[in-house]
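Fair warning: this is a prediction, and the values are worked out from it, not measured in the lab. Throughout, a chain's letter reflects where its sequence line sits, starting with A, and its residues are numbered from 1.
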Number of protein chains: 2
Amino acid sequence: MDQALRDRWLAQADATLSSAGRRAGAARTAIVEWLAREGQCLVTAQDVLDRLPQGSPSSVYRTLDELFALGLLHRFHGQDGVARYEIADPLRHHHHFIDEASGAARPFTDDELERAIEAAARRLGVRLTGHEVVIRGRRSTNGTQS
Amino acid sequence: MDQALRDRWLAQADATLSSAGRRAGAARTAIVEWLAREGQCLVTAQDVLDRLPQGSPSSVYRTLDELFALGLLHRFHGQDGVARYEIADPLRHHHHFIDEASGAARPFTDDELERAIEAAARRLGVRLTGHEVVIRGRRSTNGTQS
DNA sequence: TTATATGCAAAAGCTTTGCATGGGT
DNA sequence: ACCCATGCAAAGCTTTTGCATATAA
């Protein structure tokens with residue numbers, strides 16, 4: 001749904017990978033392209049393996065790891081101990097709402113919450129390098145957003 | 001450092017466990033008592049095993065699981081894919097600051113942040129059942145707290 | 001040509017489970 | 001006496017690693 005983000009990330013990923021001396025093989029190419037399309041929120045290695053004809057488990061895990069190490073992916077460890085990744089875009093930051101009814105995760109952004117986190121870090125005497133918020137609950141009435 | 005919390009939780013745990021029909025064996029007793037003392041922030045199954053003479057791996061994992069299922073522990077899955085637990089106290093809620101220099105996690109509370117999360121949930125149209133915040137960074141200057 | 005990417009299979013690490021025995025109530 | 005708790009050993013799952021081969025640059 002966010003074409004601009006997709007393209008920007010793909011270009012950034014290619015640039016970063018090749019300037020790190022990595023070469024583009026069939027597996028990595030397929031994985032990176034899939035992530036650009038489908039990796040905007042919390043995908044697992046298994047998701048990639050299931051949906052991609054191309055790529056062995058080792059390639060998938062290695063590529064995911066490498067992209068994470070280069071700062072191209074964020075990594076989380078979900079409620080079940082399985083690693084989840086998503087595209088890291090410096091221009092966009094989001095948090096996660098987990099719907100208890102379905103177990104599904106939805107990304108959301110909230111500027112006021114963002115400011116509150118920065119303020120809390122200041123009060124703690126911490127120079128912030130990253131932060132994550134997970135909200136769990138149920139949609140109370142009519143959904144307001146997309 | 002919080003004696004009241006410790007005692008309250010221990011009493012609550014005993015009550016909840018026995019009303020769930022569970023019996024107190026040597027392993028569970030030792031584990032629950034250790035958690036009441038040392039489980040206020042992000043301990044792993046391995047921590048329990050290392051520090052306790054009493055209790056086999058299966059007892060530790062089973063007890064931790066059971067306490068989680070009964071709502072007596074919170075469970076998180078750390079950056080390394082290892083499950084971390086901490087005492088769940090309805091009267092006290094805290095978040096986590098992870099110091100990038102040491103990797104250590106420290107609990108903190110912040111009422112304003114709490115309110116910001118509630119406000120964000122309201123804006124999302126979500127009835128909140130839980131939430132977690134992780135802040136990552138470095139202590140910027142002189143440490144202010146204990 | 002030379003270092004890197006890939007895939008297979010094996011290993012590693014955390015956690016869960018089956019089962020026989022011990023123990024609480 | 002009955003059922004739950006415990007511990008051992010084995011199995012399960014996700015993820016990592018070793019190694020031989022294929023391939024990008």
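- No more than 12 heavy atoms of other residues, nucleotides or ligands sit less than 6.0 Å from atom CZ of B:R92.
- By the salt bridge (Lys or Arg N to Asp or Glu O under 4.0 Å) test, A:E66 is found to be paired with A:R22, residues two or more places apart in sequence or in another chain being considered.
- Rounded to a whole Å, the CG atom of B:D50 is 11 Å from the P atom of C:dC14.
- Using the six-membered ring where Trp is involved, B:H96 and B:F76 have ring planes that are perpendicular, over 60° apart on the 30 and 60° scheme.
- Distance CD (A:E66) to P (C:dT4): 11 Å, rounded to an integer number of Å.
- Within the 4.5 Å cutoff, the side chain of A:W34 has heavy atoms near those of the A:V43 side chain.
- Distance CD (A:Q46) to P (D:dG12): 17 Å, rounded to an integer number of Å.
- Rotation axes derived from the C1' atoms of the five outermost pairs at either end of the helix from C:dT1-D:dA25 to C:dT25-D:dA1 lie 40° apart, to the nearest 10°.
- In the model, B:E118 has no side-chain atom that pairs as donor or acceptor with a side-chain atom of B:H131 under 3.5 Å.
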Show me the protein contacts with nucleotides 18-22 of chain C, counting only N or O atoms at under 3.5 Å.
none

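- Remark: A:E132 pairs with B:R136 by the salt bridge (Lys or Arg N to Asp or Glu O under 4.0 Å) rule, at least two apart or across chains.
- Note: A:F68 and A:Y85 have perpendicular aromatic rings, judged against thresholds of 30 and 60 degrees for the angle between ring planes.
- Under the 3.5 Å distance criterion, the side-chain polar atoms of B:H77 are matched with a main-chain donor or acceptor of A:Q79.
- Rounded to whole angstrom, the span from the CG atom of B:D65 across to the C1' atom of C:dC14 amounts to 13 Å.
- Comparing C:dG7, D:dT16, D:dG7 against the side chain of B:S56 picks out D:dG7 as the nearest.
- Residues from residues 74-87 of chain B that place a heavy atom under 4.0 Å from any atom of DNA chain C, listed by number: B:V82, B:A83.
- Note: OH (B:Y61) to P (D:dT6) measures 16 Å, nearest angstrom.
- Clustering ILVMFWY residues whenever any of their side-chain heavy atoms sit less than 4.5 angstrom apart, transitively, puts B:I98 in a cluster other than the one holding A:V133.
- Of all the residues in residues 9-28 of chain B, B:R23, B:A24 reach under 4.0 Å from DNA chain C with at least one non-hydrogen atom.
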